[in-house]
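One structure is given here, and the rest of the page talks about it.
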Amino acid sequence: MVLKKLISEAEALLRWVGVEKPLIQPARDPRFGEVTSTSAFALAKSLRRDPRKIAEEFAAKIDLSNARLINSVVAVDGYLNFKVDWQRYSEEILKTVIGQGEDYGKSNIGLGKKIIIEHTSVNPNKALHVGHARNVCLGDTLYRLFSFLGYDVVVLNYIDDSGTQMADVILGFKELGYPLEPPDGARFDAYCGDTVYVEVSRRIEEDPLLAEKRRRIAKLIEERDDEYYRLNREIVEKVLKEQLKTCWRLGARYHILNMESDILSYDLWSEVFKKLIRVGAVYKAESGQKAGCWLLNLSGHPVLGREGDEILVKSDGSTTYVARDIAYGAWKLGDTSRDFKYKVWMRDPWSGEILITDVKGDIEKPLGEAEKVINVIDIRQKRPQEVVRYALELMGLKSDKYIHFGYEVVALSIKDAVKIGYEPEPGQEFVHMSGRRGLYVKTDTLLDMLKEKIKLEVREKHPGWSEEKVEEVSEKIAVGALRYSLIKPDTDKMIILDADEMLKLEGDTGPYLQYSYARACRILEKTTREYSTKAPVELVEEEKQLLRRIAYFPEVVEDVGESLLIKTLSNYAYMLASDFSRFYEKVPVLHVDDVELRKFRVAEVLAFKIVLGNVLRLIGVQPVEEM
RNA sequence: GGGCCCGUAGCUCAGCAUGGAUAGAGCAUCGGCCUUCUAAGCCGGGGGUCGGGGGUUCGAGUCCCCCCGGGCCCGCCA
């Protein structure tokens, strides 16, 4: 907003001296002023002149009497550096931020538009491990971001309640004598995943007879056998309830739970299949290895075409995962004539209703046309996701709205893997998590480890605090630490989990952000909160830097809305906190005698608190007032 | 074999989408700063052929090509 004003002012100045397409960017170093133009370089070629001369001429010609924020322009080595009147600029920034408060950085570009985000989608037979947590945190941050940008965002969680992984645990409960109640009072999702799933999987590998039994059970579930389907649904819901506790602990919200088995019963596929046939996208293989299968013709696809066509319907008439996902994708894009029915399953901690698909449900909730459909799924599914998108394209749908938000997986460091009994190969540096093999670190386990460590520190710092307060603050810090560390790295980079590294609470971490927030709160607490946006004649460099960063925020948010580069937000949060830390060290607020100056600095702290609070909420790190 | 991704300080990573001025953080290490707003902090030192080579450009960590190293995907599984 204010930065935009500044940039357009600089652009206007350049246009007045004849630059048709002014190039303006924020200066990378304060020595070069606030904004810089490289227009002289761009013009140098066509004019065949020295860019330094061009820049100098512009600088001489620019008339600053019409400028409001800009008070000087100088040419340096071809660059045009614009400096601002800090009294005006800072006042404008502070008025904007304090005036808008929690709305600062929001925009209305999403107004009246819908975005559908699907994330989490963990098989309902186990507890969430840290890899799943990366998905949850990324997906939830997208939800927060687009809500902030004014979109109506619907969050889906796809529950695959009908795969082999369910047959595994049903086999355990039904025929191998695992009790339905966790023996040691453990959480059901953890018990189901850590004990039943892992042990049954191992036994199946050793015993072909059990594999046969599992196949039979999978079929019974699929056919909605009274006994098996009901037990399956019961297990699924029990696990899901526990899984959601972990997700909520991370701060994630959901609106709709889509059960695979329910989706299948609506048979969206047959409709989609007909359409695929009609447009000539699929054909039946008459001979060869895939005889009897219906295949999606990929020959028109630049990349996928080289890898052979994709089976959608197997020779026994059943559909593949990709086929079902195409049907489901068509539903998300609003292209199916039938829609699901729902019932209210429960309320989340923020008292929002969570709907679950139910063939006998009486709630209808048409999604309507979405601007974007974002599917948060790890990068290994890049190819199948592209197949789905391409199929939707062939169906004539707006497939460019269908976005696979891919991210690299979280793996275990060898050190941590060895701790849970893994035997590494020589030279191996990490090992992929595996639910079936019991190779993972649960999200709650890691959060609890973090929390215990934080509690020690909190108790030491605040001997007078009640145990409840210690608990409450430690929980926020633990969650903040985990969320930040999962969101911070580029989604193209694998995270190799190192528990020791993860437990560090200094430097570029979530707690650092919360700490600087808390420090700002302490200052504000000790004033009457009387502030003034009227700036002194001279600002110290640390003040300028803080205000400068604050002014960038709306553009950062808007950029991320375009690029989906979430880490840009965490990056920004760190820079902002860092700028404040330096301000805090160098710039006294309460201990200045000049009342007007004190009031101005209170305004600066207040503005910082607002902006950091806003960005923290975006990335799901809870602001902490005291720590 | 085909495709995609990664490679920046001892370690973990920003910066690359939209090329711009001496390449930045954190951790680790060494040295400073708490009778003054929370030291989960701040300041400073050491540490870099931005994997290698070519190209485009006034200008390349950033764009293009080739190569090397590592990872992932390519199933009548989901």
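Quick note on labels: first sequence line is chain A, next is B, and so on, each numbered from 1.
When rounded to the nearest whole Å, the span between CG of A:L298 and C1' of B:C74 equals 12 Å.
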Canonical and wobble pairing (Watson-Crick, G-U, under 3.5 Å) of RNA chain B, dot-bracket with |: (((((((..((((......[...)))).(((((.......))))).....(((((..]....))))))))))))....
Could you list the protein-to-nucleotides 59-63 of chain B atom pairs, N/O on both sides, closer than 3.5 Å?
none

Is there any protein nitrogen or oxygen under 3.5 Å from a nitrogen or oxygen in nucleotides 17-23 of chain B, and what are the pairs?
unit_1	atom_1	unit_2	atom_2	d
B:G20	O2'	A:Y79	OH	2.6
B:A21	OP2	A:R28	NE	2.9
B:A21	O4'	A:Y79	OH	3.3
B:A21	N6	A:T36	OG1	3.0
B:A21	N6	A:N81	OD1	3.0
B:A21	N1	A:N81	OD1	3.4
B:A21	N1	A:N81	ND2	3.2
B:U22	O4	A:D29	OD2	3.4
B:U22	O4	A:R31	NH1	2.8
B:U22	O4	A:R31	NH2	2.2

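For the residue pair A:E555 / A:Y572, no side-chain donor-acceptor distance below 3.5 Å is found, with atom types taken as modelled. With hydrogens and angles left out, the side-chain atoms of A:Y328 and A:E118 include a donor and acceptor closer than 3.5 Å.
Contact annotation: A:K314 reaches the phosphate of B:A78 (side-chain N/O to OP1 or OP2, under 4.0 Å). A close approach under 4.0 Å does not occur between any side-chain nitrogen or oxygen of A:K567 and OP1 or OP2 of B:C13.
Shown for residues 283-292 of chain A: residues whose heavy atoms fall under 4.0 angstrom of RNA chain B, namely A:Q289, A:K290, A:A291.
Of the residues listed (A:F273, A:Y283, A:W269), the one engaging A:W294 in a ring pair (Phe, Tyr, Trp, His ring centres under 6.0 Å) is A:F273, and it is the only one.
Within the nucleic acid shown, A:H432 comes within 4.0 Å of sugar-phosphate atoms alone, with no base atom in reach, counting heavy atoms only.
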Each nucleotide of nucleotides 1-12 of chain B classed B (base within 4.0 Å of a protein heavy atom), S (only sugar-phosphate) or -, in 5' to 3' order, makes -BSSSSS-----
Spell out protein contact along nucleotides 30-41 of chain B as letters: B when the base is contacted, S when just the sugar-phosphate is, - when no protein heavy atom is under 4.0 Å; keep the 5' to 3' order. ------SBBSBB
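In this model, no side-chain donor or acceptor of A:T164 finds a partner on the base of B:C77 within 3.5 Å.
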